[in-house]
Amino acid sequence: MVISRKISRISPSPTLAITAKANKMKAEGVNVIGFGAGEPDFDTPVNIKESAKKAIDKGFTKYTPTSGTKELKEAIRKKFKADNGLEYSPEEILVSCGAKHSIFNVILTLCNEGDEVIVPSPYWVSYPEMIKVVGAIPVIINTTEAQNFKITSRQLSSAITPRTKLVILNSPSNPTGMVYSEDEMKGLCGVITTAGIYCLSDEIYEKLIYGGEKHISIASFGEEIKKRTVVVNGVSKAYSMTGWRIGYAAGPKEIIQAMSNLQDHSTSNPTSISQAASVEALEGVQADLQKMAVEFEKRRDYMVERINSIKGLSATKPQGAFYCFMNISRILGKAFNGKALKDSLVLADLLLSEAHVAIVPGSVFGDDNYVRLSYATSMENIVEGLNRIENFVRKIN
Ligand SMILES: Cc1ncc(COP(=O)(O)O)c(C=O)c1O
């Protein structure tokens with residue numbers, strides 16, 4: 001066998017595959033409405049781009065310390081204190097090449113072969129794959145829409161075994177957009193500290209929350225949980241900087257140091273220029289972020305209302321991120337043009353080829369009764385895309 005056992009365990013990212021197919025159709029001249037996007041459709045704010053240009057002109061183009069520049073770590077320290085009430089020293093912070101890289105570093109650093117890692121479902125597609133690569137075992141906790149796709153402390157407690165090492169929390173969530181309340185987080189925190197397991201808290205959508213909901217970092221509930229948590233965040237989603245590849249992790253020194261050692265021998269530092277730009281993102285004016293959040297909220301409201309007006313479809317209003325997890329259970333099992341809609345993948349495929357609308361099938365997030373629609377696209381596209389979906393659904397029988 002050419003490919004190693006470790007790497008053979010990975011499936012390709014299905015969300016990227018759908019985007020690629022939609023892009024191919026677009027290149028062939030088809031007018032595709034894309035609801036697949038995992039990134040804001042806004043440009044990176046001008047002040048951030050300018051700071052990157054300045055960094056280049058100043059010759060800030062060489063290696064930096066692996067774990068990140070002093071300036072960026074300082075900006076991240078201040079961000080944690082101001083937004084989350086969390087105090088970290090520079091040694092407790094590691095900057096990486098995107099939050100995805102930070103998460104991979106955490107899993108690789110904490111998990112041995114055979115360790116169990118608890119993942120609430122619906123989940124972000126990469127968690128189970130990363131867990132499998134290191135030879136650990138994803139233990140999926142299923143949730144329902146009735147519980148707003150959030151695990152309860154009782155569910156968490158009963159999923160823990162002597163082999164459990166880590167639980168991954170993601171609030172606001174991709175794909176459901178749900179946000180854990182302070183009480184719900186406290187409940188989970190109690191279970192984690194009592195069981196003595198570790199927590200990876202993926203807070204990448206922290207800044208994209210609507211309707212007065214509040215983001216709470218689980219690490220902020222005291223020293224006990226802080227010692228057991230690695231918080232992951234980044235600039236990708238909040239500042240429309242997905243291509244710049246800057247994410248960061250904060251946690252106990254021993255863990256962060258080990259992650260930094262790993263990074264020493266894999267990527268070294270993340271791009272020097274992107275680090276300079278990220279200082280400006282975190283410390284500069286936040287007006288563009290606020291404008292973007294206002295626009296996302298408008299789109300969310302429209303999308304949810306429209307979906308709920310279409311017979312056979314429904315959606316619970318998400319509180320954050322930029323995704324809507326649309327319930328398709330009432331149309332599954334029916335047929336479109338004689339083709340059986342047997343699962344979310346078939347539906348996504350047919351929607352793309354017949355209605356020219358790109359969505360992501362829920363099966364890739366662990367729930368086949370749903371599909372994910374991203375509202376990180378213009379209002380005009382959202383209106384047109386939902387018109388097409390409505391027409392498509394009318395032809396189902
Ligand atoms: C839940 C979640 N975590 C992490 C990431 C990765 O972010 P980054 O682009 O900074 O690697 C994403 C991106 O889609 C995400 O949805």
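One-based numbering, in listed order, for ligands and for the atoms of each. Position 1 is the first residue of the sequence, and the numbers go up from there.
- In summary, D349 and K339 do not engage in a salt bridge, as defined by a charged side-chain N under 4.0 Å from a carboxylate O.
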What does the contact table look like for ligand 1 (nitrogen or oxygen on each side, cut-off under 3.5 Å)?
unit_1: ligand 1; atom_1: 3 (N); unit_2: D202; atom_2: OD2; d: 2.6
unit_1: ligand 1; atom_1: 9 (O); unit_2: S236; atom_2: OG; d: 3.2
unit_1: ligand 1; atom_1: 9 (O); unit_2: R245; atom_2: NH1; d: 2.9
unit_1: ligand 1; atom_1: 10 (O); unit_2: A99; atom_2: N; d: 2.8
unit_1: ligand 1; atom_1: 10 (O); unit_2: S236; atom_2: OG; d: 2.6
unit_1: ligand 1; atom_1: 11 (O); unit_2: A99; atom_2: N; d: 3.1
unit_1: ligand 1; atom_1: 11 (O); unit_2: K100; atom_2: N; d: 2.9
unit_1: ligand 1; atom_1: 11 (O); unit_2: R245; atom_2: NH2; d: 2.8
unit_1: ligand 1; atom_1: 14 (O); unit_2: K237; atom_2: NZ; d: 2.7
unit_1: ligand 1; atom_1: 16 (O); unit_2: W124; atom_2: NE1; d: 3.4
unit_1: ligand 1; atom_1: 16 (O); unit_2: N174; atom_2: ND2; d: 2.7
unit_1: ligand 1; atom_1: 16 (O); unit_2: Y205; atom_2: OH; d: 2.7

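- Checked for salt-bridge contact, K54 and E280 miss the test: no charged N lies under 4.0 Å from a carboxylate O.
- Among E295, M292, R299, the single residue meeting the side-chain contact (heavy atoms from CB on, under 4.5 Å) criterion with D41 is R299.
- Residues passing the side chain to side chain donor-acceptor pair (under 3.5 Å) test with S89, sequence neighbours excluded: E91, E92.
- Between E223 and K227 no salt bridge is recorded (no basic side-chain N to carboxylate O distance below 4.0 Å).
- A salt bridge links R394 to E390: at least one charged side-chain nitrogen sits closer than 4.0 Å to a carboxylate oxygen.
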